[in-house]
Number of protein chains: 2
Amino acid sequence: MTSGRVRQRDVAERAGVSVRTVSNVVNDFVHVSQDTRERVLAAVAELGYRPNLAARELRTGRSGTVSLVVPEIDSPYFSDLASRMVRAGEAIGLTVHIAQSDGDPDRERALLAGPPGREVDGVVISPWALAADDVRPRGDGPPVVMLGERPGQGSVDRVAIDNVAAARDAVAHLLSRGRRRIAAVGLQPHRANETSALRREGYRQAVAAAGGTHQLGLEVVTQTLHRSDGAAAVRRLLEEGSDFDALFCFTDELALGAMRALHDAGLRVPDDVAVVGFDGIQDGAFSVPSLTTVRPDVTRIAELALAALGRHQAGEESTPTEYVAPHRLVVRESSCACLQQK
Amino acid sequence: MTSGRVRQRDVAERAGVSVRTVSNVVNDFVHVSQDTRERVLAAVAELGYRPNLAARELRTGRSGTVSLVVPEIDSPYFSDLASRMVRAGEAIGLTVHIAQSDGDPDRERALLAGPPGREVDGVVISPWALAADDVRPRGDGPPVVMLGERPGQGSVDRVAIDNVAAARDAVAHLLSRGRRRIAAVGLQPHRANETSALRREGYRQAVAAAGGTHQLGLEVVTQTLHRSDGAAAVRRLLEEGSDFDALFCFTDELALGAMRALHDAGLRVPDDVAVVGFDGIQDGAFSVPSLTTVRPDVTRIAELALAALGRHQAGEESTPTEYVAPHRLVVRESSCACLQQK
DNA sequence: ATGAAAGCGCTAACAA
DNA sequence: TTGTTAGCGCTTTCAT
């Protein structure tokens, strides 16, 4: 019933065995007779024994905790990722600790070693300001898995969707709907962040394949990837008198902000301008109009990242591995007049 | 430079003192001469010593970690709360661990004792399925602070805004805009959750003060507080042929879903139906139309909750205290034709 | 003001 | 298969 004060020793006494045996049972070791195991388990249940993780960590050096480092957690995509990562961890007995880097390179670097003073078994980081090459475990630090960024880069395991293909899919969809002047929103040339560079690449490939040439004026740089940036981007395009009939935004948040600004300018979506976002966040399913988007399989991403860490934990030293999670295009009203309700 | 392998003993040797003294310095104790302190600090810096928190926790029983229990983290309000709580904790040297209860009473009860097996110095819980009276620390568990719920209830410290007043403000605003048939969306009579009961109370008070009588047909029960529930609520009202010219939704998510359903039904917001939400999430600032809402001071909530825990930690046993955080009404287009852009 | 040493609860090396 | 025990790094009681 009461827990916390119950030690292995108490369980041992109760079951008439030694602590060694209790430890063996608790940790699922093989060399325990069926009979003893049952007796110990019974004592564990009766006393409400729960192992003291601090003691275990002190002894083994392993904490059963991994750290997820994201720029910010109060952003739909990252809170979705965090939620799934926590659940994925739970499923395999891992505690996931969430840390926010605020997109600050120094914080990102520091958090590569785990939360301050805390010992973790691994770090999953979604880098923002840090270049892929700078994402590597400290010599004595925990193993690191990187989310996003460019294939072939970096010196750690990497989990991501195929960003180039995903962007191509999105833009191809727009082209198939007859759009010909498609702007890309969300470039970040001054950052090490390669994910947006990959989406730009997919955008360019799709445009080129359609026989068009992308114009630099139709590629819009944004400070961050939030709604306000999307709105500002549209205002800028409009001010410059750019001629465009579609927007491919690198995140749904950008797209939502862009749609708001289009509305303010008296432009209709999708009639005047079609919009496609990226991420598949909840908001896009209920916005007016609802948002066409590329949805990564976030659950898969979480599972792959944790599995990669587990492989490292098991001591499997190997060259950096890359895992690709699936994605799919979700077509909604913002790109398809046919779907629109009156 | 390297850290993790450096122990107090190493620092002690380096500084030519005993571990006792190193510990004293690290923990900011008084009885250390200026001279020794400096020598120790220098050694700490040179060696890159960082205390092993697991050992400290094992020894002291305190972990420097508090647990935040929310129904789910991939929901705008809770991710905002989590983000601020993590930052507030950081500011006072506390690690905040985020746990999801999925709104499951058993999980909520279990998490009152902290994350499985983990030792925490306190638990901040935003209960969903658990009644206020069931939110209490286990005899040997960490102190608990409750978020939301009803004043005077429960046996633990409580932090919340004045939900009745906030709801009254929201509805009074609607009344001042000439609305007379205001529906309340988000009641949950089958739950212990009192927060929605308080908002209903404020709604009824405001309507009564305006000389109206609320009609039960204009109070809509929802399963949860998500967008889909808001949309379903509107569809139900419409099916039943209810006559309403405004909606007071108990969360912004409900309101966003409701606005989507109104749009689908060919009703204009705010012209045909004015809408007010609750929470002040980001989405509402960029939706079309933008959403009028009641915004709680979430940063304040986070600070108050952590401070309450700190007070408990300091051993200040006292009767349950209640802390009230401020809120304010943010008026936007959804309730105000005058604000609307063309 | 500082040192010596016990012990927090656990795992694992060594014994039996 | 199970028991005994050292020791993980830290705080803190007891000396000095």
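In what follows, chains carry the letters A, B, and so on, assigned in the order in which the sequence lines appear, proteins first and then strands, with residues in each chain numbered from 1.
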Any side-chain N or O of [X] less than 4.0 Å from the OP1 or OP2 oxygen of [N]?
{"X": "B:Asn24", "N": "C:dA1", "result": "no"}
{"X": "B:Thr60", "N": "C:dC8", "result": "no"}
{"X": "B:Arg7", "N": "D:dG9", "result": "yes"}
{"X": "A:Gln8", "N": "C:dT11", "result": "yes"}
{"X": "B:Thr36", "N": "C:dA1", "result": "no"}

Nearest to the side chain of [X] - [options]?
{"X": "B:Arg59", "options": "C:dT11, C:dT2, D:dC10", "answer": "D:dC10"}
{"X": "B:Ser18", "options": "D:dC10, C:dT2, D:dG3", "answer": "C:dT2"}
{"X": "A:Tyr49", "options": "D:dT11, C:dC8, C:dC10", "answer": "C:dC10"}

For this session: Please report how far the helix from C:dA1-D:dT16 to C:dA16-D:dT1 bends, comparing the axis fitted to its first five pairs with the axis fitted to its last five, to the nearest 10 degrees.
Result: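 So the angle between the two local helix axes works out to 40°.
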
Exercise. With no hydrogens and no angle check, do the side chains of A:Glu72 and B:Ser83 hold a donor and an acceptor under 3.5 Å apart?
Worked result: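 Per modelled atom types, A:Glu72 and B:Ser83 side chains form no pair under 3.5 Å.
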
Specify the separation, in whole Å, of atom [atom1] of [X] and atom [atom2] of [N].
{"X": "A:Leu58", "N": "C:dC8", "atom1": "CG", "atom2": "C1'", "value": "9 Å"}
{"X": "B:Leu47", "N": "D:dG9", "atom1": "CG", "atom2": "C1'", "value": "15 Å"}
{"X": "B:Arg20", "N": "C:dT2", "atom1": "CZ", "atom2": "P", "value": "10 Å"}
{"X": "A:Leu53", "N": "C:dC8", "atom1": "CG", "atom2": "C1'", "value": "15 Å"}
{"X": "B:Arg39", "N": "C:dA1", "atom1": "CZ", "atom2": "C1'", "value": "12 Å"}
{"X": "B:Glu57", "N": "C:dG9", "atom1": "CD", "atom2": "P", "value": "12 Å"}
{"X": "B:Glu119", "N": "D:dC10", "atom1": "CD", "atom2": "P", "value": "19 Å"}
{"X": "B:Asn52", "N": "D:dC10", "atom1": "CG", "atom2": "C1'", "value": "8 Å"}

Considering every strand and a 4.0 Å limit on heavy-atom distances, what is the contact class for [X]: base, sugar-phosphate, or nothing?
{"X": "A:Val19", "result": "base"}
{"X": "A:Arg56", "result": "sugar-phosphate"}
{"X": "B:Ser23", "result": "base"}

Problem set entry | Along DNA chain C (nearest heavy atom to each residue), the more 5'-positioned of A:Arg9 and B:Val17 |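 So the residue in question is B:Val17.
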
Exercise. In terms of the nearest nucleotide of DNA chain C, which residue is placed more toward the 5' end: B:Ala55 or B:Thr21?
Worked result: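 Looking at DNA chain C, the more 5' nearest nucleotide goes with B:Thr21.
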
Exercise. Does CZ in A:Arg39 sit with more than 12 non-hydrogen atoms of other residues, nucleotides or ligands closer than 6.0 Å?
Worked result: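 Above 12, so yes.
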
Problem set entry | Enclosure of B:Arg14 CZ (heavy-atom neighbours >12, cutoff 6.0 Å) |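 For B:Arg14, atom CZ is not crowded (no more than 12 foreign heavy atoms under 6.0 Å).
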
Problem set entry | side-chain contact (heavy atoms from CB on, under 4.5 Å) partner of B:Met85, chosen from B:Val66, B:Leu94, B:Val96 |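 The option that passes is B:Val96.
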
For this session: Check if the side chain of A:Arg62 and the base of C:dT11 share a donor-acceptor pair of N or O atoms closer than 3.5 Å.
Result: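 No such pair is found, so the answer is no.
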
Problem set entry | Sidechain-backbone polar pair: A:Asn27 side chain, A:Phe29 backbone, donor-acceptor under 3.5 Å |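 Between the backbone of A:Phe29 and the side chain of A:Asn27 there is no qualifying donor-acceptor contact (under 3.5 Å).
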
Problem set entry | Backbone of A:Glu149 reached by a side-chain donor or acceptor of A:Thr195 within 3.5 Å |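 Yes; judged by distance alone, with no hydrogens or angles, the pair exists.
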
Exercise. Do the side chains of B:Leu147 and B:Ile301 get nearer than 4.5 Å, heavy atoms only?
Worked result: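 B:Ile301 vs B:Leu147: side chains touch.
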
For this session: Could you give me the CA-CA distance, side-chain angles and deciding distance for B:Ser101 and B:Arg107, then say whether side-chain hydrogen bond (donor to acceptor under 3.5 Å, both in side chains) is met?
Result: CA-CA 5 Å; B:Ser101 68; B:Arg107 280 181 66 97; over 6 Å; no

